[in-house]
Amino acid sequence: MYVSHPNITLPADPDTIVWKYLDLSKFLDLLISKKLFMSRSDKFEDQYEGTFSEPTFGEIKKLAENNPDFLKYYKTHREKVAVSSWHINENESFAMWQIFTQNSEGLAIQSTIGRLKKALKPENNYDQYIGEVNYIDYKKEYIPFEDLFFPFLFKRKSFQYEREVRIITDTSQNNIKLNDGLKINVDIRHLIEKLYIHPKSENWYKNLVIELMERLGFDITIEKSDLESDILI
């Protein structure tokens with residue numbers, strides 16, 4: 001269930017559009033299981049995920065001199081936190097298609113901040129938080145560490161193109177061992193407002209996606225990609 005958090009910020013407008021780019025197998029898994037996969041924070045390609053900037057780490061090391069468990073806790077906490085990443089953008093992104101899909105066979109879910117909040121179900125055994133990522137210089141800028149979620153809401157400036165909003169689940173209060181991540185219950189009707197099929201995909205692939213959704217009983221609006229539009233010359 002989504003819970004507001006005093007230290008986690010989000011765009012004020014609940015209609016702010018967000019996107020998730022994924023391949024067909026992950027999309028079908030979402031539809032069939034009605035569960036959203038969240039990756040364990042230390043399994044991301046970015047090795048800095050869930051860690052601190054240099055100024056913050058220097059301060060933590062000083063505090064840990066007489067309490068080594070203090071630093072150890074922050075390291076192991078990454079294994080207890082799972083993340084689902086979404087991209088803020090008014091329109092679909094050519095760069096996101098390139099990065100997160102392969103072989104012209106991908107999909108993009110369009111949703112909103114408000115929809116993400118409504119999609120998270122209360123029967124999940126832990127609270128989920130939704131926050132906007134801050135992009136900083138890890139060599140110079142400071143990440144507060146009085147809140148356990150702060151390390152997961154900061155990334156290096158080189159990732160600024162992602163414009164990321166993320167759902168964060170902390171399982172440290174539960175006896176749950178995360179391997180690659182975990183799946184959380186979601187309401188698909190709230191989660192997905194529209195679906196876009198890869199602009200370079202072939203007709204057989206588009207027809208396959210449409211047929212699969214019909215067979216699974218989902219009435220989801222499929223939009224034509226703006227990147228697929230015919231030229232006007």
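Numbering of residues begins at 1 and proceeds along the displayed sequence.
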Query raised in the report: Using the benzene-type ring in the case of Trp, are the ring centres of Phe152 and His77 under 6.0 Å apart?
Result: yes

Report task. For this output row, return yes or no: ring centroids of Phe149 and Tyr129 closer than 6.0 angstrom. Result -> yes

Query raised in the report: Relative to each other, are the rings of Tyr21 and Trp19 parallel, tilted or perpendicular (30° and 60° limits)?
Result: parallel

Query raised in the report: Salt bridge or not for Arg215 and Glu211, using N-O below 4.0 Å?
Result: yes

Query raised in the report: Who passes side chain to side chain contact (heavy atoms under 4.5 Å, CB included) against Pro14, sequence neighbours left out?
Result: none

Under 3.5 Å, side-chain donor or acceptor atoms of residues 106-114 against the rest of the protein: list the pairs with distances, not counting sequence neighbours.
from: Gln110; atom 1: OE1; to: Tyr196; atom 2: OH; distance (Å): 3.4
from: Ser111; atom 1: OG; to: Leu191; atom 2: O; distance (Å): 2.7
from: Thr112; atom 1: OG1; to: Arg115; atom 2: N; distance (Å): 3.0

**Report entry** Those residues that, when tested against Ser104, pass side chain to side chain contact (heavy atoms under 4.5 Å, CB included) (two or more places apart)
**Finding:** His198, Lys200

Query - Set of residues satisfying side chain to side chain contact (heavy atoms under 4.5 Å, CB included) with respect to Phe44, sequence neighbours excluded - result: Ser39, Glu49, Val83, Ser85

Requested in this report: Taking only Lys NZ, Arg NE, NH1 and NH2, and the carboxylate oxygens of Asp or Glu, determine whether Lys34 and Asp187 approach each other closer than 4.0 Å.
Outcome: no

Report summary line: Sorted by chain and residue number, the side chain to side chain contact (heavy atoms under 4.5 Å, CB included) partners of Ile99 (sequence neighbours excluded) come out as Met96, Tyr161

Query raised in the report: Going from NZ on Lys183 to CG on Leu36, what distance comes out if it is rounded to the nearest 0.5 angstrom?
Result: 10.0 Å

Report summary line: Residues at least two apart in sequence or cross-chain that pass ring pair (Phe, Tyr, Trp, His ring centres under 6.0 Å) with Tyr138, listed by chain then number, are Tyr48

Query raised in the report: In Å, rounded to the nearest 0.5 Å, how long is the span from CG of Leu182 to CD1 of Ile184?
Result: 7.0 Å

Query raised in the report: Can Ser84 and Lys20 be said to form a side chain to side chain contact (heavy atoms under 4.5 Å, CB included), step by step?
Result: CA-CA 9 Å; Ser84 175; Lys20 190 167 191 66; 3.6 Å; yes

